[in-house]
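Just the heavy atoms: all of them, side chains too, but no hydrogens, waters or symmetry mates, feed the values below. Quick caveat: nothing in here was measured; it's all calculated off a predicted structure.
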Amino acid sequence: MNLVNKKNNKFALTTPLYYVNGLPHIGSAYTTMAADVFARYHRLMGNSVLFITGTDEHGQKIQRSAESKGEIPQDFCDRMSAEFISLWGLLNIKYDRFIRTTDPRHHTIVKEFFQRVKKQDDIYLGQQKGWYCVSCEEFKEQRELLEGNFCPLHPNKKAEWRDEENYFFRLSKYQSQLEEIYKNQPNFIQPTSRRNEIIKFIEKGLQDFSISRVNVDWGFPVPGDEKHTLYVWFDALLGYITALLDTDSEPNLENALGTWWPINLHLIGKDILRFHAVYLPAMFMSAGLPLPKRVFGHGFLTKDGHKMGKTLGNIIDPFTLRERYNADAIRYYFLKEIEFGKDGDFNETRFINVLNADLANDLGNLLNRTLNMVKKYCDSKIPPVYSQDIPTENPLKVIGLELTDKVKTAYEALAFNQVCEILLSLIKASNKFIDEQAPWSLYKQGQQEKLEQVLYAVLESVRLVAYFLSPVIPDISTDIYQQLGFEINFNDSLPSLKAPVNTHGTWGLLASGQILGKAKPIFKRIELPESHSV
């Protein structure tokens with residue numbers, strides 16, 4: 001049975017399915033903002049995109065969290081899942097599918113997948129002894145634990161000793177195949193530092209891992225043995241498949257995998273890299289499924305140079321952050337100031353300074369001053385200039401003609417900070433160009449033609465910046481485009497453009513005589529509040 005029908009110009013990506021044991025945190029928001037930017041970029045390039053996110057709602061950690069609140073697990077999951085949906089809306093995240101692992105259709109997919117793997121003799125009953133971190137939902141080797149058997153990822157949580165009968169997946173069977181994948185597909189795991197971590201991990205030898213628990217009620221029972229509940233990872237990782245089902249499709253693997261499989265990109269935090277780069281591909285090989293194209297594990301966030309933690313009282317609450325600042329501001333800072341893939345820091349003073357400098361001063365003032373000059377010298381219309389009228393040696397045209405390739409290369413590498421820096425360089429060059437050319441002096445000297453060429457080149461540069469920054473700051477980019485006379489909203493799935501989507505990166509698209517919209521600030525300067533703890 002052929003479960004995969006490959007299609008061109010399709011791009012599917014996922015975030016992790018987030019645990020609902022607590023409210024969404026800034027790390028979850030960071031991953032999802034990055035995924036949204038990458039999805040928007042692919043839509044901008046004319047691709048058909050499926051952006052998947054969702055919540056992982058089974059396991060002992062969820063059960064205990066619900067009990068601590070005096071709620072039944074399903075009610076607790078319903079409430080917490082709604083918080084994720086709410087935050088994604090506040091951050092202007094435009095996902096296509098939101099999968100919850102408590103979805104009855106997901107149960108059907110899990111059972112079918114389990115049977116496929118079992119037929120390969122890759123599931124067996126055994127005894128599991130070891131230290132178990134409930135927060136990680138993972139058994140830990142003794143060497144991985146801190147003194148006193150505390151988990152290094154949850155240093156306030158002590159691992160629990162377990163000695164119980166579990167079902168196991170034969171991960172060790174796939175060691176050589178995984179090594180071949182890492183060798184022959186160097187881009188399968190990114191960035192390189194994460195790939196090296198995984199290679200070192202499997203060099204020590206892979207061990208079969210448990211896929212079930214006993215004495216845990218909250219989850220799907222193991223098919224054929226209801227004394228056992230499926231382990232959260234064997235359940236949750238399959239949520240990416242369930243999410244591919246159309247609303248009216250019968251829940252089975254053939255229907256789920258027919259259009260969008262394999263996933264082009266799994267975007268995750270580095271703490272769950274092992275599950276996505278080792279466990280998941282082995283499970284899919286066992287089931288006879290093609291593997292995802294790429295797994296990218298980004299770094300952790302710190303605040304003011306310190307690891308965030310409840311004991312330190314330096315947690316960043318994304319809801320509080322959003323109450324204080326708009327979505328574009330938050331998106332721009334985290335994607336521009338942090339090199340995606342590495343650990344990064346949030347400092348509110350730095351946050352405000354960056355936004356004021358880049359968006360209010362450099363970009364905002366550039367647009368405002370140029371529009372005012374067009375209003376004064378050109379009757380609020382795009383100057384009667386065509387691309388071929390601008391000399392090839394014009395410094396802004398030189399940059400503009402090379403811009404598309406540079407920006408696309410950076411986006412494809414998930415180098416969002418480089419995208420922002422490339423475009424910020426064009427903004428600075430445009431401000432410098434205005435100062436050097438002095439349109440006000442050209443007007444006084446009667447050099448109208450040269451004046452119009454200067455203003456056209458600057459306006460076209462601003463348009464290109466707005467176009468390529470629209471995945472990061474869609475509201476500001478929409479505002480800029482509308483001030484330039486376009487009826488465009490970059491928050492639409494496929495903006496209605498007067499020119500084809502993929503030509504908007506071409507230099508010289510502005511139409512002579514086009515009436516400009518009303519000039520207004522695109523970003524208001526922010527003052528540091530007296531109390532600035534978020």
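Evaluation of the side-chain hydrogen bond (donor to acceptor under 3.5 Å, both in side chains) rule for D235 yields H58, H106 as partners, not counting sequence neighbours.
Using cut-offs of 30° and 60° for the angle between ring planes, the F486 and Y481 rings count as tilted. Taking the six-membered ring where tryptophan is involved, the planes of W261 and F284 are perpendicular, since the angle between them exceeds 60° and thus also 30°.
Applying ring pair (Phe, Tyr, Trp, His ring centres under 6.0 Å) to F334 and the options F416, F346, F351 leaves one that passes, F346.
Side chains of N491 and D475: a donor on one and an acceptor on the other come within 3.5 Å. With hydrogens and angles left out, the side-chain atoms of E452 and Y377 include no donor and acceptor closer than 3.5 Å. Counted by atom type alone, N368 and N372 present one or more donor-acceptor pairs between their side chains at under 3.5 Å. T15 and Y95 share no donor-acceptor pair across their side chains, judged by distance under 3.5 Å alone.
Within a 6.0 Å radius of CD in Q74, other residues, nucleotides and ligands contribute more than 12 heavy atoms.
Between Y333 and Y325, the distance separating the two ring centers is not shorter than 6.0 angstrom. For H504 and F490, the ring centers sit 6.0 Å or farther from each other.
No donor-acceptor pair under 3.5 Å is formed between the side chain of N417 and the backbone N or O of E337.
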